[in-house]
J.: 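Here you go, one structure.
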Amino acid sequence: MDKLKEEIGRLLAPLVSLEPKEIINLLEVPPETSYGDLAFPCFSFAKNRKLAPPVIAKELSEKLVGTKGLYWEKIVSRGPYLNFYIAPRAYGCEVLRQIWESGEKYGHTNLGNGGNVTIDYSSPNIAKPFGIGHIRSTVIGHSLYLLYKALGYNSIGINHLGDWGTQFGKLIVAFKHWGEESKLVADPVNYLYQLYVQFHQRVEEEPALDDQARAWFKKLEEGDDEAVAYWIRFRQLSLDNYALTYDLLGIEFEYIHGESHYNDLLDTVIKLAQDKGIAKESDGALIVDLESHGLPPVMLRKKDGATLYITRDLAAAIYRKETFNFVRSLYVVGAEQLLHFQQLFKVLELLGFKWAADCVHVPFGLIRFKEGRMSTRAGKIILLDEVLQRSIEIAREIIEEKNPDLADKERAAQEVGLGAVRFGDLSNDRIKNIEFDWDKALDFSGETAAYIQYAHARICSILRKAEAEYEKWDDKAASILIMEEEIALVKTLALLPEKIIASAENYRPSILARYLIDVAREFNRFYHNCPVLGSEGELKHGRLLLIRATRQVIANGLGLLGIAAPEEM
RNA sequence: GCGCCUGUAGCUCAGGGGAUAGAGCAGCGGACUUCUAAUCCGCUUGUCGCAGGUUCGAUUCCUGUCAGGCGUACCA
């Protein structure tokens with residue numbers, strides 16, 4: 001698509017007194033393919049020319065009548081638009097060649113030029129099992145991690161574990177009062193979670209427990225031996241448990257730096273705020289007043305001297321800048337923390353850090369029950385692991401039914417099962433809340449990962465059957481595709497690079513996910529109307545090149561969503 | 001109370017200052033002696049929450065309003 005756009009930019013620039021770049025930005029895809037393949041809208045300069053847009057479009061088309069480009073062959077004005085029709089042979093050949101030559105790098109660019117991008121994602125609160133809610137940050141964050149890498153940035157994944165805070169006071173109190181060693185050993189994370197839920201039940205009748213919990217957290221912050229010993233143990237048990245889920249999802253972090261990692265910096269942060277004169281005492285606590293910025297105050301230190309979440313986040317932000325000198329710093333954290341991040345970035349700015357402008361909160365909506373919110377404290381959650389395992393199980397059953405002779409069923413079941421759950425989360429606009437529904441979470445028909453994966457598997461199947469003589473590039477074969485379905489597929493394949501850029505820059509993997517549905521749909525239409533192995537000679541070769549390119553686009557695209565592209569399923 | 005987010009077909013959602021608003025699911029009807037039918041084709045469905053405003057043009061931008069969600073200093 002790029003080369004075509006550049007060509008049109010150069011063609012129109014002298015005629016409309018705009019830079020080629022400006023023209024390229026104006027170009028859009030018409031709503032109907034019968035209108036053409038790329039449209040140049042004539043609204044923007046209608047005013048200065050004092051002419052109606054349709055008149056300008058007509059005038060331009062008359063000037064260009066009879067001309068042809070390398071990648072386009074016809075210009076028609078229609079209303080206020082100047083519409084270009086591609087030259088399918090040359091254009092198809094060019095698109096397929098690019099994909100052929102770039103291979104698994106097709107769609108990748110070097111926009112980032114090696115700059116560091118830190119991505120804070122997943123970040124579970126330890127001593128609690130992974131709930132389905134955690135899939136969001138984990139999967140969106142991981143996809144952004146991969147997308148930024150594809151754009152030539154150096155992605156740095158940081159798992160900002162919730163491994164500090166009053167909750168540990170609660171756990172210590174709970175374990176000391178009614179904990180049982182044998183149960184902890186048997187099923188550590190679930191047992192810790194039970195204790196946590198129990199704590200919140202008992203605190204209703206015994207509010208003093210809350211004070212005890214705060215006191216234990218204070219002791220932890222002061223380095224009390226007993227408190228620290230509990231903390232280390234609970235933390236490690238949790239990490240061991242999470243590792244299983246991360247392995248299953250194929251996720252690795254560059255750093256697992258929990259909140260506790262920044263403890264040594266907390267005093268420095270507080271001192272810095274005091275030196276800058278932005279911190280003040282209020283009711284015995286230390287706060288930063290943000291009223292003049294239209295925000296509620298930020299508390300840096302509680303009246304008992306303990307720090308808060310935001311104190312640790314300030315320290316973490318500064319640490320990340322000093323350690324990685326990031327060009328951008330992403331926080332893939334729920335939308336309920338919007339205010340928190342506004343405050344965080346504002347305080348960083350007030351501390352004099354210009355790079356506060358490079359920090360971005362990437363918010364996402366809640367996963368809820370029909371009846372209301374999920375609540376870890378109340379024990380009302382759905383376990384991520386349960387969803388993943390059930391999804392794999394259903395995929396296994398479908399494979400057993402549809403393809404019982406498949407060699408590695410277990411692997412396919414895993415790839416398809418995990419893909420379904422991931423895609424379900426990635427394919428919709430992240431800001432929207434999701435109502436959890438087992439049937440929807442485990443759906444394999446329609447706009448799902450399986451639809452895309454199936455197209456991939458089908459292509460692989462055809463390629464396995466194709467003769468070796470077609471496994472080479474050939475200009476003539478690549479220029480032979482002129483069927484409507486072939487052209488539509490080629491045009492769709494050409495879009496991968498811009499979709500990757502749009503996904504990363506808007507922090508929206510859903511753009512890529514939706515695009516891959518389009519690719520699979522165009523492939524299916526092609527598949528049903530254009531026999532590949534059943535055709536002959538150059539046409540067969542050309543179609544094999546086309547499906548090879550399609551396979552590459554799907555594999556690259558799914559890869560960036562963290563979803564496997566099975567060769568058989 | 002105040003702030004932020006969301007409101008599009010029966011359901012779940014794309015889209016987005018412009019050319020007749022799109023998919024999937026559900027429903028009905030078709031297509032496997034042919035490259036895996038987890039597929040494809042056809043049919044049916046809309047006051048784009050409501051009311052104003054800006055504009056040559058608004059479902060898209062602005063204001064108000066209603067509904068739902070989230071947040072609103074000693075949790076994270």
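Quick caveat, the model's predicted, so the values are computed rather than measured. Numbers restart at 1 for each chain; the letters A, B, ... are given by sequence-line order, proteins then strands.
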J.: Can you see if the side chain of A:Tyr35 gets near the phosphate of B:U20 - specifically, an N or O under 4.0 Å from OP1 or OP2?
T.: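 Negative; the distance criterion is not met.
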J.: A:Ser461 side chain N/O closer than 4.0 Å to the phosphate oxygens (OP1, OP2) of B:U36?
T.: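 So the side chain of A:Ser461 is within the cut-off, an N or O lying under 4.0 Å from OP1 or OP2 of B:U36.
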J.: Less than 4.0 angstrom between a side-chain N/O of A:Lys465 and OP1 or OP2 of B:U36, yes or no?
T.: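 The answer is yes; a side-chain N or O of A:Lys465 sits under 4.0 Å from OP1 or OP2.
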J.: Taking 4.0 Å as the cut-off, does a side-chain nitrogen or oxygen of A:Thr166 come that near to OP1 or OP2 on B:C75?
T.: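 Yes, such a contact exists.
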J.: Tell me which nucleotide among B:A19, B:U12, B:U6 gets nearest to the side chain of A:Lys440.
T.: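 My answer, after comparing the listed nucleotides, is B:U12.
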J.: Checking side chain to side chain contact (heavy atoms under 4.5 Å, CB included) for the pair A:Val532/A:Leu546: CA distance, chi angles, key distance, verdict?
T.: CA-CA 10 Å; A:Val532 178; A:Leu546 176 61; over 6 Å; no
J.: Under 5.5 Å centre to centre and under 30° between planes: does that hold for A:Phe444 and the six-membered base ring of B:A38?
T.: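 A:Phe444 vs B:A38: stacking no.
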J.: Could you identify the nucleotide paired to B:G71, looking across every strand shown and requiring Watson-Crick or G-U wobble geometry with both distances under 3.5 Å?
T.: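 Its partner is B:C2 (Watson-Crick or G-U wobble, both distances under 3.5 Å).
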J.: Just do the side chain to side chain donor-acceptor pair (under 3.5 Å) check on A:His340 and A:Asp313 with the steps written out, would you?
T.: CA-CA 10 Å; A:His340 167 79; A:Asp313 255 5; 2.8 Å; yes
J.: Does OP1 or OP2 of B:C35 have a side-chain N or O of A:Arg551 closer than 4.0 Å?
T.: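 Answer is no, no contact under 4.0 Å.
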J.: May I ask you to check whether A:Tyr319 and A:Tyr262 place their ring centres under 6.0 Å from each other?
T.: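 Ring-ring flag for A:Tyr262/A:Tyr319: true, centres closer than 6.0 Å.
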J.: Please determine whether a side-chain nitrogen or oxygen atom of A:Lys432 lies at a distance below 4.0 Å from atom OP1 or OP2 of B:G7.
T.: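 Yes.
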J.: Examine B:A14: is either OP1 or OP2 under 4.0 Å from a nitrogen or oxygen in the side chain of A:Arg430? Give yes or no.
T.: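 So the side chain of A:Arg430 is outside the cut-off, no N or O lying under 4.0 Å from OP1 or OP2 of B:A14.
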J.: For A:Arg525 and B:U39, is the shortest distance between a side-chain N/O and OP1 or OP2 below 4.0 Å?
T.: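 No.
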J.: Looking at A:Tyr451, does any N or O in its side chain come under 4.0 Å of the phosphate oxygens OP1/OP2 on B:C40?
T.: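 For A:Tyr451, the contact criterion (side-chain N or O under 4.0 Å from OP1 or OP2 of B:C40) is met.
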J.: Determine whether A:Arg458 and A:Asn524 satisfy the following criterion, side chain to side chain contact (heavy atoms under 4.5 Å, CB included), listing intermediate values before the conclusion.
T.: CA-CA 10 Å; A:Arg458 269 179 159 174; A:Asn524 278 321; 3.1 Å; yes
J.: Taking only N and O in the side chain of A:Tyr454, is any of them less than 4.0 Å away from OP1 or OP2 of B:A38?
T.: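 For B:A38, OP1/OP2 do have a side-chain N/O of A:Tyr454 under 4.0 Å.
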J.: Counting just side-chain N and O atoms, does A:Asn403 come under 4.0 Å of either OP1 or OP2 of B:U36?
T.: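 False: A:Asn403 side-chain N/O out of range (4.0 Å or more) of B:U36 OP1/OP2.
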J.: Within the 4.0 Å heavy-atom criterion, would you say A:Arg368 contacts the bases, only the backbone, or no part of the nucleic acid?
T.: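 Result for A:Arg368 = sugar-phosphate.
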J.: Please give, in whole Å, the distance from B:G69 C1' to A:Glu435 CD?
T.: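 Distance check: A:Glu435 CD to B:G69 C1' gives 11 Å.
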J.: Are OP1 or OP2 of B:A37 and a side-chain N or O of A:Arg458 less than 4.0 angstrom apart?
T.: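 The answer is yes; a side-chain N or O of A:Arg458 sits under 4.0 Å from OP1 or OP2.
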J.: Centroid separation under 6.0 Å, is that true for the rings of A:Phe341 and A:Tyr331?
T.: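 Distance test on ring centres: under 6.0 Å, yes.
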